[in-house]
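In what follows, a structure is listed as structure tokens, so that the remarks can point back to it.
The sequence lines fix the lettering, A, B, ..., with proteins before strands; numbering per chain opens at 1.
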Amino acid sequence: MEKEIKQVIAEALSVLYEIKSSKDRIQIQKTRKEFAGDYTFNVFPFLKEIRKAPEQAGNEIGQFLVEKGGLVHAFNVIKGFVNLEIKQDNWIDILNTIAQSDFNLPEKNEKVVIEYSSPNTNKPLHLGHIRNNLLGDSLSRILKASGRDVIQVNLVNDRGIHICKSMLAWEKWGNGETPENAGLKGDKLVGNYYVKFDQENKKLVSDNNEETELLKEAREMLRKWEKGDEKVCALWEKMNNWVYKGFEETYKRLGITFDKIYYESETYKLGKDKVLKGLEKGILLQKDDQSVWADLTDHKLDEKILLRADGTSVYMTQDIGTAILRHQDFSPNKMIYVVGNEQDYHFTVLKIVLKKLGYEWSEFIEHFSYGMVELPHGKMKSREGTVVDADDLMEEVVAQARKMAEESDKLSYLSEEEKANVFELIGLGALKYYILKVDPRKNMMFNPEESVQLQGNTGPFIQYSYARSKSVLRKAAEQNIIIPERIDEGNPDEKEVQIIKLLADYKSVLEEAGKVMSPALIANYAFTLAKEFNQFYYDHAILKEENEQIRNLRLLITAVFGEVIKHALSLLGITSPERM
RNA sequence: GGUUCCGUAGCUCAGCUGGAUAGAGCACCAGAUUUCUAAUCUGGCGGUCCCAGGUUCGAAUCCUGGCGGAAUCACCA
């Protein structure tokens, strides 16, 4: 719609003032509520070229548009703002068009590999991972819907000193405990030993910089692991498998999937090789203790270690390997890393080092840097027990959804299984929306009480609006009322026009969300649309409307609304319940 | 200390590449259900957009400098 308006305004500017190719500079916005009109054109940017008073120019342009016919049938000018009223037939056309379109955008011929989740296998997933997973999942969906070829990958950090800590602690104090005999999820069990290591280690430390025997043992274990020591590797494999099983459950409940899973244990060697090659070529440098470094001072950064003196790899080394492998596997034109902004530095360095090593495609790497999750009481610290566990959190939001629903006794006619299903959708809908609605780049405050809210600006509010729309359509079917696929004429009132306008915005919102990579845009749009529908629903009879023309218009609006809101929610990974 | 990001209502957040009188939700107060789902709707209360300069027809938005907060500057990942 806005495109069409820009088109005719460009024509007006050209005919009236001989201003050519002005299209990109034309500013169109929605007319504010307090004025008559649908869209508003701002003449100020063109005033110098027009060389008339704003009101006069506005009037001339408005006059031109009305006389031209077609889109605009009336206008008013306030200061430099020309408020345009769109002819009613146009709204009907637009509604029909949306009713017939699917919502996926045309192919862009762009291949994107997106990495997210990237867990460590030494402890269970927590709230921070949830934000990461939800962002990665939603982004993937948005990128796909906006016409991109998307490959979702996970990179499991299954090696390193932290894993060895859990292993060592289990060996020393585990007494053969397993997930089965302890009745504990594998990731939780391994996490417990990570904590145990820390506790025991603390007992041995008098001042913080001291390297304890225990820590030395862990380092020794890492060295053995990198050399392929049989016993260490077997233990490593056993414990990691416990963890994977646990993660799988968590992912499944969250609704997260991957096309491919990389394991750092399988990629770090490639990184090591490439680093050593870089050293041979003189791109990297070696210090007296044999450690290998990249000199980044020409980029106004420090030096960065890539291999320790004992030859073992660090995080950067394995990430170099993973990136190279990933590029070989898919040759994408974009590699997105969904990783918290605490690692901004890591990714600037990664890109530079790859470039130094001769990989021009390092420019394709895009760090999707999202903000931290904060809690009302401060940070999450595992040592202080303030970590919000992912499984616990999901359990809690679902329980809350159940509690609320049972109070209102709405779903009593459903079977227990059906009910459980609905509570699951709603609980997770609440959690996902709560996290995705905020701008991903900003730090966010996670208030546990607010996150399970079902009223106001929440996921369930939006889900409810959908359930209502479906309820109307179901009743229509029961009464043998046909839901029109299109309508020929009608006179939408103000509220109806309002919804149609919003529905018409959906594709451009999706386009924008894909461009700037922000699920929050979709979330905010969905909320606005749902609110609009609830208002419409409140004071418009739909099925009970006797005038058939009006009823059909409203039915079509209801049906189209349902489709759009369902699609939008699906991009957030939220399921729309048929009833709730 | 250097670098980066952030600062909008009591709280949590919107505010697109500068545009009209800065918007939502929560909380608080007052209302709405003989009507398709009240997990809803309507109204009220609530702001020196951190501060000070600058750019211009016009600044929450752009620039500079302060103040406040966060992250990072690891042979942890």
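- Counting only distance, with no hydrogens or angles, the side chain of Gln463(A) and the backbone of Thr575(A) share a donor-acceptor pair below 3.5 Å.
- rC13(B) and rG19(B) have their P atoms separated by 23 Å, given to the nearest Å.
- Residues Glu512(A) and Tyr525(A) have side chains that never bring a donor and an acceptor to within less than 3.5 angstrom of each other.
- When each of Ile161(A) and Leu411(A) is assigned the nucleotide of RNA chain B bearing its nearest heavy atom, the one mapping closer to the 5' terminus is Leu411(A).
- Taking a cutoff of 4.0 Å between a charged side-chain nitrogen and a carboxylate oxygen, Glu226(A) and Lys272(A) qualify as a salt bridge.
- Residue contacts shown for Pro54(A) are absent, as no nucleic acid heavy atom lies under 4.0 Å away.
- Using atom P as the reference point in both rU61(B) and rC16(B), the two lie 11 Å apart (nearest Å).
- Figure legend: cation-pi geometry between Arg131(A) and Tyr370(A) absent, as NZ or CZ is not positioned both under 6.0 Å from the six-membered ring centre and within 45° of its axis.
- As rounded to the nearest Å, rU72(B) and rU56(B) have P atoms that lie 41 Å from one another.
- Closest approach to the Asn83(A) side chain among rU72(B), rC75(B), rA20(B) is made by rA20(B) (side chain taken as heavy atoms from C-beta onward).
- Using a 4.0 Å heavy-atom cutoff across all strands shown, Gln27(A) reaches at least one base atom of the nucleic acid.
- At the heavy-atom level, Asp439(A) lies under 4.0 Å from the strands shown only through sugar-phosphate atoms.
- Among the atoms of the strands shown, base atoms are found under 4.0 Å from some heavy atom of Gln343(A).
- Of the possible donor and acceptor atoms, one in the side chain of Asn132(A) sits under 3.5 Å from a partner among the backbone N and O of Ser117(A).
- Across the protein-nucleic acid pair, Lys437(A) atom NZ and rA24(B) atom C1' stand 10 Å apart, rounded to whole Å.
- Within the nucleic acid shown, Arg441(A) has no heavy atom closer than 4.0 Å to any nucleic acid atom.
- Nucleic acid contact class of Ala467(A) (heavy atoms, under 4.0 Å, all strands): base.
- With hydrogens and angles disregarded, no donor-acceptor distance shorter than 3.5 Å links the side chain of Asn534(A) to the backbone of Ser465(A).
- Residue Met404(A) is out of contact with every strand shown, counting any heavy-atom pair closer than 4.0 Å.
- For Lys544(A), counting side-chain heavy atoms from C-beta on, the closest listed nucleotide (rU21(B), rC36(B), rA39(B)) is rC36(B).
- Listed nucleotides: rU37(B), rG19(B), rA20(B). Nearest to the side chain of Arg468(A): rU37(B).
- A cation-pi arrangement, defined by a distance under 6.0 Å to the six-membered ring centre and an angle within 45 degrees of its axis, is absent between Arg468(A) and Phe533(A).
- Using a 4.0 Å heavy-atom cutoff across all strands shown, Tyr464(A) reaches at least one base atom of the nucleic acid.
- In this structure, Leu529(A) atom CG and rA24(B) atom P are separated by 17 Å, rounded to whole Å.
- The separation between Ile426(A) atom CD1 and rA39(B) atom C1' is 8 Å, rounded to whole Å.
- Arg219(A) comes within 4.0 angstrom of the backbone, heavy atoms only, and of no base.
- Counting any heavy atom pair closer than 4.0 Å across all strands shown, Ala405(A) reaches a base atom.
- Heavy atoms of Leu47(A) sit nowhere under 4.0 angstrom from any nucleic acid atom.
- With a cut-off of 3.5 Å on both Watson-Crick or G-U wobble distances, the partner of rC26(B) is given as rG10(B).
- In this structure, Phe35(A) counts as stacked on the base of rA20(B) under the 5.5 Å centre distance and 30° plane angle limits.
- The closest donor-acceptor contact from the side chain of Asp187(A) to the backbone of Lys123(A) lies at 3.5 Å or more, if one exists at all.
- Contact annotation for Asn120(A): backbone-only contact, meaning every heavy-atom pair under 4.0 Å involves sugar-phosphate atoms and none involves a base.
- Each of rU72(B), rU12(B), rG25(B) was ranked by its minimum atom distance to the side chain of Glu342(A); first place goes to rU72(B).
- When the nucleotides rU37(B), rC41(B), rC73(B) are ranked by their closest atom to the side chain of Lys475(A), rU37(B) comes out on top.
- Each of rA39(B), rG15(B), rC41(B) was ranked by its minimum atom distance to the side chain of Tyr538(A); first place goes to rC41(B).
- Nearest-nucleotide positions on RNA chain B for Phe461(A) and Lys442(A) put Lys442(A) closer to the 5' end.
- Straight-line distance from the NZ atom of Lys48(A) to the C1' atom of rC57(B): 8 Å, rounded to whole Å.
- Side-chain proximity of Met445(A) to rC41(B), rU37(B), rC13(B): nearest is rC13(B).
- Proximity note for Asn524(A) (side chain, C-beta onward) versus rA14(B), rG19(B), rU40(B): the nearest is rA14(B).
- Closest contact between the side chain of Ile542(A) and the listed nucleotides rA24(B), rC75(B), rC36(B) involves rC36(B).
- When distances run from any side-chain atom of Arg308(A) to the nucleotides rC75(B), rA39(B), rC13(B), the shortest one goes to rC75(B).
- Nucleic acid contact for Phe527(A): sugar-phosphate only, since backbone atoms but no base atoms lie under 4.0 Å from a heavy atom of the residue.
- Counting any heavy atom pair closer than 4.0 Å across all strands shown, Ala541(A) reaches a base atom.
- In a base pair of the Watson-Crick type (N1 to N3 plus N6-O4 or O6-N4) or a G-U wobble (N1-O2 and O6-N3), with each distance short of 3.5 Å, rG1(B) is matched with rC73(B).
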